[in-house]
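We name chains A, B, ... by the order of the sequence lines, and we start the count at 1 in each one. On a predicted model such as this, the values are computed, not experimentally measured, just so you know.
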Amino acid sequence: MESEKKSLNFIEAIIKEDIESNKNGGRVHLRFPPEPNGYLHIGHAKSICLNFGLAEEYGGKCNLRFDDTNPVKEDVEYVDSIKEDIKWLGFKWDGEPKYASDYFGKLYEWAVKLIKEGKAYVDDQPQELISEQRGVPTRPGIESPYRNRSVEENLDLFERMKKGEFEDGSKVLRAKIDMSSPNMHMRDPIMYRILHAEHHRTGNEWCIYPMYDWAHGQSDYIEGITHSLCTLEFEIHRPLYDWFLDQIVEGDYRPRQIEFARLNLSYTVMSKRKLLQLVEEGIVNGWDDPRMPTISGLRRRGYTPESIRNFADRIGVAKRDNVIDVGLLEFSVREHLNKITDRMMAVLNPVKLIITNYPEGKVEDVELINNPEDENSASRKVPFSKVVYIERDDFMENPPKKFFRLGPGREVRLKGAYIVKCEDYKKDENGNITEIYCTYDPETKSGSGVSRKVKGTLHWVSAEHAINAEVRLYDRLFKDEDPAGHKDVDFKEFLNPESLKILKDCKLEPSLADAEPGDKFQFQRIGYFCVDKDSKPGNLVFNRTVPLRDSWAKKSK
RNA sequence: UGCCCGAUGGUGUAAUUGGCAACACGUCUGACUCUGGAUCAGAAGAGUCCAGGUUCGAGCCCUGGUCGGGCAACCA
């Protein structure tokens with residue numbers, strides 16, 4: 001009954017092949033291994049969707065493992081946010097969260113084993129010397145004078161390193177591989193360094209900490225990981241990953257490292273360092289600022305987990321460098337929000353429209369469907385009266401012929417209510433429109449069946465019933481397509497000064513009064529909005545997630 | 001003057017024993033519409049980095065180039 005063969009990406013192809021050949025007993029076990037030194041961003045979301053998604057697809061498992069081998073940069077604040085973000089995206093890790101620090105003991109044992117086999121040694125040289133001796137990619141390195149110490153001496157020294165007898169930086173443990181390897185990572189890589197620093201989990205138990213290369217593959221091995229996915233820059237590490245595994249693997253099981261291209265988004269910076277900078281310098285308001293590409297930022301902006309997962313799905317995975325148009329991310333939210341949000345009346349830049357022939361004091365409850373995209377959607381009543389607010393942009397004194405909205409003498413429908421005709425308008429001394437005067441045609445009430453062709457339909461809010469709100473209009477943080485891609489110009493030079501516009505005097509229909517943080521809506525004809533966490537009853541705050549597609553705005557550009 | 005990786009419409013991803021280059025976003029038409037939204041219908045846009053080779057047949061295989069990315073933290 002198989003409908004059509006789904007095309008597989010290169011990782012799926014490998015996994016499928018491994019299952020068919022019964023490699024590792026046919027098990028599929030992945031892991032997502034963040035370092036808890038920052039907040040997760042949309043690039044991590046790609047990796048999360050990949051790893052957890054693959055586990056779901058092939059009936060396997062996926063661990064969450066914190067790669068916490070560098071206590072000076074890591075913090076529990078980050079582990080908490082990481083867990084929250086993964087859960088929010090809708091994934092569940094296998095068992096308890098794991099930590100590389102859980103394996104410090106085992107890693108130490110294995111290091112001792114390597115020393116005993118003459119495959120690792122303690123080097124007393126300072127960092128600069130070691131680095132100098134390592135050579136450059138095009139020239140081989142030279143061997144350390146400490147390279148051929150006796151096993152006994154190495155054992156003694158390494159134990160004393162662990163006991164805390166030496167200062168930071170005074171000694172390291174190195175693997176003895178090949179100082180003339182064309183691969184820099186094979187030139188006697190450092191396995192342990194001395195760091196008298198408190199670790200967020202192991203406290204002061206250790207003062208030597210394993211390096212990434214020594215910790216990662218072994219952690220994979222301990223956890224029974226079969227496919228260890230990482231980004232392209234680790235490709236060159238793979239021979240070392242395999243070398244270390246060769247030293248400890250017993251039996252047939254062995255994890256395999258597979259590299260894929262990280263996500264790049266246009267008009268966005270993705271490096272943790274740069275994001276940290278934006279936060280620390282107060283350029284944005286924290287890691288969850290809605291302009292940040294962090295998962296917490298996107299969440300606060302109003303993105304849904306579904307939209308992010310669909311996005312991850314759509315961009316695919318491959319090994320070539322890529323830059324995804326940020327518009328694709330926006331498409332993904334619109335697509336989902338279009339299906340799930342109620343359409344509300346909200347006027348962001350209000351101007352008064354007075355219906356001169358509408359009875360003073362009369363109020364009609366007009367019926368509006370909450371979401372025409374949803375067949376089961378209910379409807380609600382919205383009060384309509386003589387004075388309503390409409391959007392400033394929906395009126396022009398001298399409109400061009402392609403302008404389908406209100407202008408002197410023009411007719412337009414007020415959504416869900418009546419057709420009105422502009423008879424007059426008033427301006428202040430600066431030329432700003434202050435009031436628009438219309439007459440309405442009582443025959444044309446929505447649902448009455450009586451209508452006539454009008455070019456446009458406007459949203460509105462009854463002035464007497466309107467509630468006020470603050471609306472934060474977010475735009476992309478950078479004006480440049482590739483802000484981090486300029487050699488001589490700092491990325492902050494490309495910040496968009498209009499990335500946040502705060503509107504204080506927006507008018508909303510009264511049913512929005514009880515909206516709670518996180519609630520999502522479509523403001524009719526404008527865009528998708530969600531209630532910010534700063535919002536309080538009586539003091540509502542909305543974030544614009546993304547505007548609606550607007551072919552008029554495009555045309556008038 | 002090393003080593004590793006990559007190259008398919010504007011962007012991203014497919015093409016699964018070598019068999020008419022497909023899908024999505026974007027763009028442009030048109031239809032419909034009480035959201036200039038959504039939806040629907042259609043179009044333009046690549047001959048697969050280059051040059052050879054193998055083959056009846058190559059985006060896929062081979063050889064040699066070109067271009068791009070990565071590698072010289074006691075970061076991950």
Side-chain angles (χ1 to χ4, degrees), chain A residues 5-9 13 16-17 33-35 37 67-70 72-74 123 126-127 130-132 134-141 168-174 181-187 189-195 208-209 211-213 215-216 230-239 259 261 266 272-273 313-325 327-332 334-335 338-339 343 368 372-373 402-405 412-417 419 444 446-447 451 454-459 522-527 547-556:
Chain A
K5 220 190 277 177
K6 183 187 165 258
S7 75
L8 304 178
N9 64 50
K16 184 177 166 231
E17 212 179 296
E35 183 190 12
N37 70 343
D67 219 334
D68 54 352
T69 57
N70 186 2
V72 305
K73 287 191 180 170
E74 296 152 8
D123 196 334
Q127 191 170 166
I130 290 178
S131 148
E132 199 181 307
R134 191 150 26 222
V136 291
T138 50
R139 285 261 167 274
D168 287 7
S170 61
K171 285 181 169 43
V172 289
L173 183 72
R174 294 228 256 167
S181 170
N183 182 339
M184 296 295 290
H185 296 278
M186 299 299 271
R187 321 244 260 224
I190 290 167
M191 295 170 68
Y192 276 96
R193 76 284 216 189
I194 300 171
L195 246 32
I208 55 171
Y209 290 93
M211 298 288 289
Y212 167 85
D213 290 297
H216 205 94
C230 61
T231 44
L232 251 30
E233 65 269 28
F234 292 100
E235 212 155 17
I236 197 87
H237 293 240
R238 190 174 356 118
E259 311 83 15
S266 62
K272 274 192 201 173
R273 211 199 93 245
D313 224 52
R314 247 186 282 262
I315 61 177
V317 233
K319 293 192 70 165
R320 81 183 86 146
D321 293 327
N322 62 84
V323 183
I324 307 288
D325 187 341
L328 189 60
L329 218 211
E330 294 172 347
F331 168 83
S332 297
R334 282 197 194 98
E335 178 189 51
N338 175 47
K339 288 185 191 124
R343 317 287 135 130
L368 288 171
E373 297 295 314
K402 287 289 189 186
F403 186 77
F404 297 159
R405 312 174 190 177
V412 99
R413 174 173 288 282
L414 294 178
K415 173 86 180 172
I419 290 176
T444 60
S446 291
S451 190
V454 285
K455 277 288 179 41
T457 300
L458 308 187
H459 61 279
Q522 184 196 102
F523 286 173
Q524 199 98 222
R525 299 207 308 134
I526 303 173
L548 244 30
R549 286 187 63 209
D550 185 350
S551 54
W552 164 247
K554 206 188 300 174
K555 206 175 294 181
S556 60

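At a threshold of 4.0 angstrom between heavy atoms, the contacts of A:Pro126 include nucleobase atoms, whether or not backbone atoms are also involved. At the heavy-atom level, A:Asn37 lies nowhere under 4.0 Å from the strands shown. In this structure, A:Phe403 reaches the bases: a heavy-atom distance under 4.0 Å links it to at least one base atom across the strands shown. Among the atoms of the strands shown, base atoms are found under 4.0 Å from some heavy atom of A:Phe234. A:Val454 comes within 4.0 angstrom of no nucleic acid atom, judged by non-hydrogen atoms across all strands. Backbone-only engagement by A:Val323 is indicated by non-hydrogen atom pairs under 4.0 Å involving sugar-phosphate atoms exclusively. Within 4.0 Å (heavy atoms only), A:His459 reaches no atom of the nucleic acid at all. Within the 4.0 angstrom heavy-atom criterion, base atoms lie near A:Gln524. Residue contacts for A:Leu8: at a heavy-atom cut-off of 4.0 Å it reaches a base atom on one of the strands shown. Note on A:Gly416: a base of the nucleic acid sits closer than 4.0 angstrom, heavy atoms only. Residue-level contact check: A:Lys339 touches neither bases nor backbone, having no heavy atom under 4.0 Å from any strand. Within 4.0 Å of A:Arg314, counting heavy atoms only, lie sugar-phosphate atoms of the nucleic acid but no base atom. Residue contacts shown for A:Thr69 are limited to sugar-phosphate atoms, with no base heavy atom under 4.0 Å away. Residue A:Phe404 is in base contact, counting any heavy-atom pair closer than 4.0 Å across all strands shown.
Of all nucleotides listed (B:rG36, B:rC74, B:rA72), B:rA72 comes nearest to the side chain of A:Val136. Comparing B:rU16, B:rA38, B:rG69 against the side chain of A:Asp321 picks out B:rG69 as the nearest. Distance from the side chain of A:Ser7 is smallest for B:rA14 among the nucleotides B:rA14, B:rC5, B:rC75. Distance from the side chain of A:Arg343 is smallest to B:rU35 among B:rU35, B:rU16, B:rG70. Distance from the side chain of A:Ile324 is smallest to B:rG12 among B:rU35, B:rC75, B:rG12. Checked against B:rU35, B:rC71, B:rA38, the side chain of A:Gln522 finds its nearest nucleotide in B:rU35. Side-chain atoms of A:Asn322 lie closest to B:rU13 of the nucleotides B:rU35, B:rU13, B:rC28. Checked against B:rG6, B:rG37, B:rA76, the side chain of A:Asp67 finds its nearest nucleotide in B:rA76. Here B:rC25 is the nucleotide among B:rC74, B:rC25, B:rG37 with the atom lying nearest to any side-chain atom of A:Leu328. The side chain of A:Glu233 has B:rA76 as its nearest neighbour among B:rU13, B:rA76, B:rU16.
To the nearest 0.5 Å, the span separating CE on A:Met186 from CG on A:Asp213 amounts to 10.0 Å.
Residue A:Asn37 is tested with A:Lys272, A:Arg273, A:Glu74, A:Lys73 for a side chain to side chain donor-acceptor pair (under 3.5 Å); the sole match is A:Lys272.
Taking side-chain N and O atoms only, A:Arg193 has a distance below 4.0 Å to OP1 or OP2 of B:rC75. Using a 4.0 Å cut-off, some side-chain N or O of A:Arg134 falls inside it from OP1 or OP2 of B:rC74.
Between B:rG53 and B:rU48, the two P atoms lie 16 Å apart (nearest whole Å). A distance of about 16 Å separates the P atoms of B:rC25 and B:rG37, rounded to the whole Å. For the P atoms, the distance linking B:rG57 with B:rA14 amounts to 29 Å, nearest Å. Nucleotides B:rC60 and B:rA22 place their C1' atoms 15 Å apart, quoted to the nearest Å. Spacing of C1' atoms, B:rU17 relative to B:rC61, comes out at 13 Å, to the nearest Å. When the C1' atom is compared between B:rA58 and B:rA51, the two are found 15 Å apart, to the nearest whole Å. Nucleotides B:rG18 and B:rU13 have their P atoms positioned 23 Å apart, rounded to a whole Å. To the nearest whole angstrom, the two C1' atoms, one in B:rG70 and one in B:rC74, are 22 Å apart.
In terms of modelled atom types and a separation under 3.5 Å, the side chain of A:Arg187 and the main chain of A:Arg134 share a donor-acceptor contact.
Rounded to an integer number of Å, the gap from CD of A:Glu235 to P of B:rG68 is 18 Å. In this structure, CD of A:Glu335 is placed 17 Å from P of B:rG37, rounded to the nearest angstrom. With rounding to whole Å, A:Arg139 atom CZ is found 18 Å from B:rA72 atom P. Distance, A:Met191 CE to B:rC75 P: 15 Å, rounded to whole Å. The distance from atom CD of A:Glu259 to atom P of B:rC5 is 9 Å, rounded to the nearest whole Å.
With a 6.0 Å radius and a threshold of 12 heavy atoms from other residues, nucleotides or ligands, A:Lys319 has its NZ atom above the threshold. For A:Glu233, the CD atom counts as densely surrounded, since its 6.0 Å shell holds more than 12 non-hydrogen atoms of other residues, nucleotides or ligands.
For B:rA76, the base is not stacked against the aromatic ring of A:Tyr212, per a cut-off of 5.5 Å between centres and 30° between planes.
Remark: RNA chain B takes part in the stems B:2-7 with B:66-71, B:10-13 with B:22-25, B:27-31 with B:39-43, B:49-53 with B:61-65, each of 3 or more antiparallel Watson-Crick or G-U pairs, criterion distances under 3.5 Å.
Contact annotation: side chain of A:Arg405 to base of B:rG36, donor-acceptor pair present below 3.5 Å. For A:Arg413 and B:rU35, a side-chain-to-base donor-acceptor distance below 3.5 Å is absent, hydrogens and geometry of angles not being considered. Between the side chain of A:Glu373 and the base of B:rG37, at least one donor-acceptor pair of N or O atoms lies under 3.5 Å.
Minimum heavy-atom separation, A:Asp67 to A:Glu35: O-CG, 3.4 Å. Across every non-hydrogen atom of A:Glu259 and A:Phe234, the tightest pair is CG-C, 4.3 Å.
Side-chain atoms of A:Arg413 and A:Thr444, non-hydrogen and from C-beta on, do get closer than 4.5 Å to each other. Put simply, the side chain of A:His216 does not reach to within 4.5 Å of the side chain of A:Thr69, judged on heavy atoms.
For B:rG47, the base is syn relative to its sugar; the glycosidic angle is within 90° of 0. With its glycosidic angle within 90° of 0, B:rA73 adopts the syn conformation.
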A:Trp552 and A:Phe404: ring-ring contact (aromatic ring centres under 6.0 Å, His included), yes or no, with the steps? CA-CA 9 Å; A:Trp552 164 247; A:Phe404 297 159; 7.4 Å; no
Is there a side chain to side chain contact (heavy atoms under 4.5 Å, CB included) between A:Leu368 and A:Arg343 once you walk through the steps? CA-CA 9 Å; A:Leu368 288 171; A:Arg343 317 287 135 130; over 6 Å; no
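Aromatic ring orientation, A:His237 versus A:Tyr212: perpendicular (interplanar angle above 60°, classes split at 30° and 60°).
For the pair A:Ser131 and A:Glu35, nearest-nucleotide mapping onto RNA chain B gives the more 5' position to A:Ser131.
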